[in-house]
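Report on the following structure.
In what follows, every heavy atom counts, from backbone to side chain, and hydrogens, waters and symmetry copies are set aside. The structure presented is a predicted model; accordingly, all values stated were derived computationally and were not measured.
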Amino acid sequence: SSGINAEYGVGRYDDINKLKNLQQLFETQNSHLVHHQEMIKLKHEEIKTWLWLFSVCHFVVVLHPSQSFDVEYIRLFRTTQQLLQHFAPKIKELYPETELLSSARIYRPRLLFVFQSNSASMHLPPKKGRQGFNQQCKRLGLEMETQIFHIFRKCRLLPKQNSRGTQDLAHLPPPNELREPFVLFLDGKGRPSSESPTFKHVDTALFYTSQLSATAPQYTQDVKEDTMSLGSFLKRNVKNLRNQVLQEKGDGFHFVPLSEWYSAAILLYHFYCHADNDGNFTELGPAKIVMQLDPEGQYSENRCQKAYPVASAAYMDSLPSHYTHAIHQRQLQHALHILRSRAKGPAFSTYAAKLKEDCEAIWADGRKGCESISLTGNACVLPLHDSTRVHSNRLRMRSACSCGRSISYRSDPFTLESANHEFYMSLSDKCCSTLPQHRLFGRNQLSWMICNIGPASSYQTTMGIEQPGFLLGSQYLLPWDLPPDEAWAPEPKNAWRGKRSVRCYVGYEYECSKGHRFYCCAGGAPVKGSPANMVKENSG
C-alpha cells in the first residue's frame with residue numbers, strides 16, 4: 001500500500017511540473033512543429049502509464065469533466081489493447097518464472113466511468129427534490145452505459161460472447177445484466193475545485209480499493225451516505241467484485257498476496273514506463289499502432305507521401321545532364337514550392353529536409369557542372385573538371401585578326417590570355433606574320449600590338465578602310481589636324497615649311513561578338529559616311 005501511494009504522489013507532482021514546463025515552452029517557442037512534438041511525447045508517456053494500469057489494476061476509473069462521453073478515449077483504448085497484445089510474448093519471454101505474468105498481465109480490469117457534471121437538475125421540477133434528482137441521474141447512467149457498451153463492442157474493445165481472453169482490454173458488463181452500474185453521474189457540485197480537487201476523488205478510490213483483500217475488514221459506516229456519491233459508487237463495485245471472487249464467479253479475477261502482486265507490478269512498471277539496462281522497452285511499439293495516437297501526424301504523413309514524388313519530379317524537369325549550383329538551387333526552390341503547396345502538417349519539415357538531401361545527392365552524383373564564367377558572362381557547360389581540361393560553353397563569335405584583313409570564328413574566352421593572345425597568334429601565320437609589328441608590352445601583360453598594313457597614302461578618304469566586317473558607312477577614319485613639329489616631322493623637312501597643320505586620319509575600332517566592326521565619333525555614336533559624303537568631323 002505504501003508503495004502505491006508513493007508512486008501516486010510522485011506522479012501527481014511530476015504531472016504538475018510537466019504542465020508548467022509545457023506552458024513555458026509554448027510561451028517561448030512559437031512553432032507548431034515544436035508544440036506538436038511535445039504533445040506527442042506527452043501522449044506516449046500517457047499510453048505507457050495506461051499499459052501498466054490495464055495490466056495490474058482491478059478497476060480503472062475514467063473521470064469526465066462534463067456529461068458527455070469523450071470518444072477520444074476510444075483511440076487510446078484501442079491503441080492500449082493493440083500494444084498489450086504486441087508486448088505480451090515479450091513479457092512472457094522475459095519473466096517465465098513469474099506465475100502472475102503467465103498471461104503477460106495480472107488482471108483484466110473493470111472499467112468505471114464517472115461524469116462530474118450533468119444537466120438533470122436543470123430539467124427537474126422544484127418539488128421532486130433530491131430523490132427525483134437521484135432517479136434522473138440513474139436514468140442518465142443507464143442510457144450512458146448502453147451507449148458506451150455498444151461503442152466498445154463496435155470498436156472491438158470487448159471480448160466475444162462467452163470469451164474471457166486475457167488479451168482483451170477490459171471487462172464491461174452488458175447493459176441488461178443484473179449488476180452494479182459502471183457509470184455514475186455526479187451533480188454540478190461534484191466538479192473539482194480548490195476545496196474539492198480531482199485528486200480527492202482519486203484518494204477516495206484508493207481507500208475503497210484497499211477493501212478488495214479477502215482478509216481485510218469490511219468498511220462500515222453508520223452515517224447514512226448519499227447513494228449517488230463517488231464513495232458509495234466505488235464501495236458498491238468493490239464489494240460486488242469481492243463477493244464474486246469469493247463465490248468463484250469473478251470472471252477471471254482472483255486474490256493474490258500483496259507481496260506477489262507488488263513484485264509483478266514492479267516488473268511491469270519498469271518494462272512499460274522505464275527502459276532497463278537491457279533496453280526492454282526502448283520503442284513504444286510498431287509505427288502502425290503508435291501512429292494512432294497522432295491523427296494529425298498520420299494525416300500529414302499521408303499528404304507528404306503523395307506530394308513527395310510530384311515535388312521530386314518537378315526538380316528533375318528540364319534539367320540538363322550537367323548544371324551549375326545556381327540552376328540546382330533554382331530547381332530545388334521550385335520543388336520545395338510544389339511540396340509546400342501539397343503537403344501540410346508536422347511531417348512537412350521532415351519531407352522538406354529529405355527532398356533537399358535527395359536533390360543534393362542527384363546533383364552530386366556526376367551531374368555537377370563547371371562553375372567557371374567566361375569573360376562575356378557565360379558559364380562553362382562541361383562537367384566539373386580540373387585545370388587540365390579547357391573550359392567551353394559551345395558559344396562561338398566572329399573576330400578580326402590583328403591586322404583586320406581576315407575574320408575567323410573563336411570560342412568564348414575564359415581567360416585574358418585566350419582572349420588577347422592565343423586567338424590572334426593562331427591567325428598570325430595565315431595573315432599577319434608578313435606585316436611589320438610592334439608589341440608595346442610583353443606577352444605576360446597581354447596588351448597592345450601595332451601592325452603596319454601600308455603607307456599613309458594607301459588610305460582613300462572616299463572608301464575608308466577596305467576590310468571585311470565593317471558596318472555600312474562606319475569604316476571611315478576621322479580627320480585630325482596636327483601642327484607640324486620639326487622634332488618628329490619626317491624628311492625632307494622643307495616639305496613641312498609654310499604649313500599651319502598636318503592632317504592625319506585616326507580611328508578607335510569597336511567589334512561586337514557577331515563580328516560587326518565600326519569606328520566611333522564624338523559622343524560614342526558610330527561613324528556614318530559615304531563616298532559622296534565624307535566624314536568631316538574632327539577627331540580632336
Side-chain angles (χ1 to χ4, degrees), residues 375-376 397-410 413 416 418-443 445-540:
L375 299 180
T376 59
M397 57 187 67
R398 285 162 50 97
S399 290
C401 63
S402 296
C403 66
R405 294 183 299 179
S406 62
I407 294 179
S408 179
Y409 283 96
R410 65 186 298 179
L416 289 174
S418 173
N420 295 340
H421 179 76
E422 293 177 356
F423 170 74
Y424 297 103
M425 289 298 101
S426 65
L427 297 179
S428 178
D429 294 340
K430 301 177 182 178
C431 180
C432 313
S433 60
T434 58
L435 299 175
Q437 299 179 2
H438 304 279
R439 189 179 301 276
L440 300 183
F441 297 96
R443 172 179 174 178
Q445 285 74 36
L446 297 173
S447 187
W448 303 91
M449 183 176 67
I450 298 177
C451 288
N452 186 354
I453 60 175
S457 60
S458 65
Y459 177 72
Q460 301 181 23
T461 58
T462 57
M463 300 302 296
I465 299 296
E466 298 181 78
Q467 289 185 353
F470 277 99
L471 294 176
L472 182 63
S474 64
Q475 74 273 19
Y476 295 98
L477 298 174
L478 298 178
W480 188 13
D481 293 330
L482 294 175
D485 187 347
E486 294 183 0
W488 59 264
E491 296 290 345
K493 294 183 179 181
N494 294 333
W496 293 88
R497 292 176 180 175
K499 293 186 178 181
R500 296 182 178 179
S501 64
V502 177
R503 170 154 290 193
C504 301
Y505 291 90
V506 297
Y508 194 92
E509 180 184 333
Y510 290 85
E511 183 181 56
C512 73
S513 59
K514 294 182 179 180
H516 299 147
R517 304 166 65 187
F518 55 91
Y519 292 113
C520 279
C521 58
V527 171
K528 293 294 183 182
S530 67
N533 186 18
M534 294 182 296
V535 177
K536 298 180 180 180
E537 181 178 355
N538 196 303
S539 63

Notebook entry, point to check: So do the side chains of Pro413 and Phe423 get within less than 4.5 Å of each other, counting heavy atoms only?
Noted result: no
Next item on the list: Report the distance from atom CG of Leu427 to atom SG of Cys403, rounding to the nearest 0.5 Å.
Entry: 9.0 Å
Check: Tell me, which pairs form a side chain to side chain donor-acceptor pair (under 3.5 Å) where one or both residues lie in residues 449-459, sequence neighbours left out?
Finding: none
Next item on the list: Can you measure from CD (Gln460) to CD1 (Ile465) and round to the nearest 0.5 angstrom?
Entry: 10.5 Å
Note to self: Just verifying a value: how many Å separate Leu416 CG and Glu422 CD, rounded to the nearest 0.5 Å?
What the structure shows: 11.0 Å
Next item on the list: Starting at CD of Gln475, measure out to CD of Glu466 and round the result to the nearest 0.5 Å.
Entry: 8.5 Å
Please output the side-chain donor-acceptor pairs of residues 510-518 that fall under 3.5 Å, not counting sequence neighbours, one pair per line with the distance.
| unit_1 | atom_1 | unit_2 | atom_2 | d |
| --- | --- | --- | --- | --- |
| Glu511 | OE2 | Ala400 | N | 2.7 |
| Arg517 | NE | Glu509 | OE2 | 2.5 |
| Arg517 | NH1 | Gly404 | O | 2.9 |
| Arg517 | NH1 | Gln467 | OE1 | 3.4 |
| Arg517 | NH1 | Pro468 | O | 2.9 |
| Arg517 | NH2 | Gln467 | OE1 | 2.9 |
| Arg517 | NH2 | Glu509 | OE1 | 3.1 |
| Arg517 | NH2 | Glu509 | OE2 | 3.2 |

Notebook entry, point to check: Does the Arg410 side chain pair with the main chain of Tyr424, one donor and one acceptor, at a distance under 3.5 Å?
Noted result: no
Check: Within a strict 4.5 Å, meaning less than it, do heavy atoms of the Gln437 and Ser428 side chains meet?
Finding: yes
Margin query: Distance check, rounded to the nearest 0.5 Å: Asn420 atom CG versus Leu375 atom CG?
Written below: 8.0 Å
Note to self: Using modelled atom types and a 3.5 Å cut-off, is there a donor and acceptor pairing between side-chain atoms of Arg405 and backbone atoms of Cys431?
What the structure shows: yes
Notebook entry, point to check: Are Tyr505 and Tyr476 close enough that their ring centres sit under 6.0 Å apart?
Noted result: no
Margin query: Could you measure the distance from the CE atom of Met425 to the OG atom of Ser433? Nearest 0.5 Å is fine.
Written below: 9.5 Å
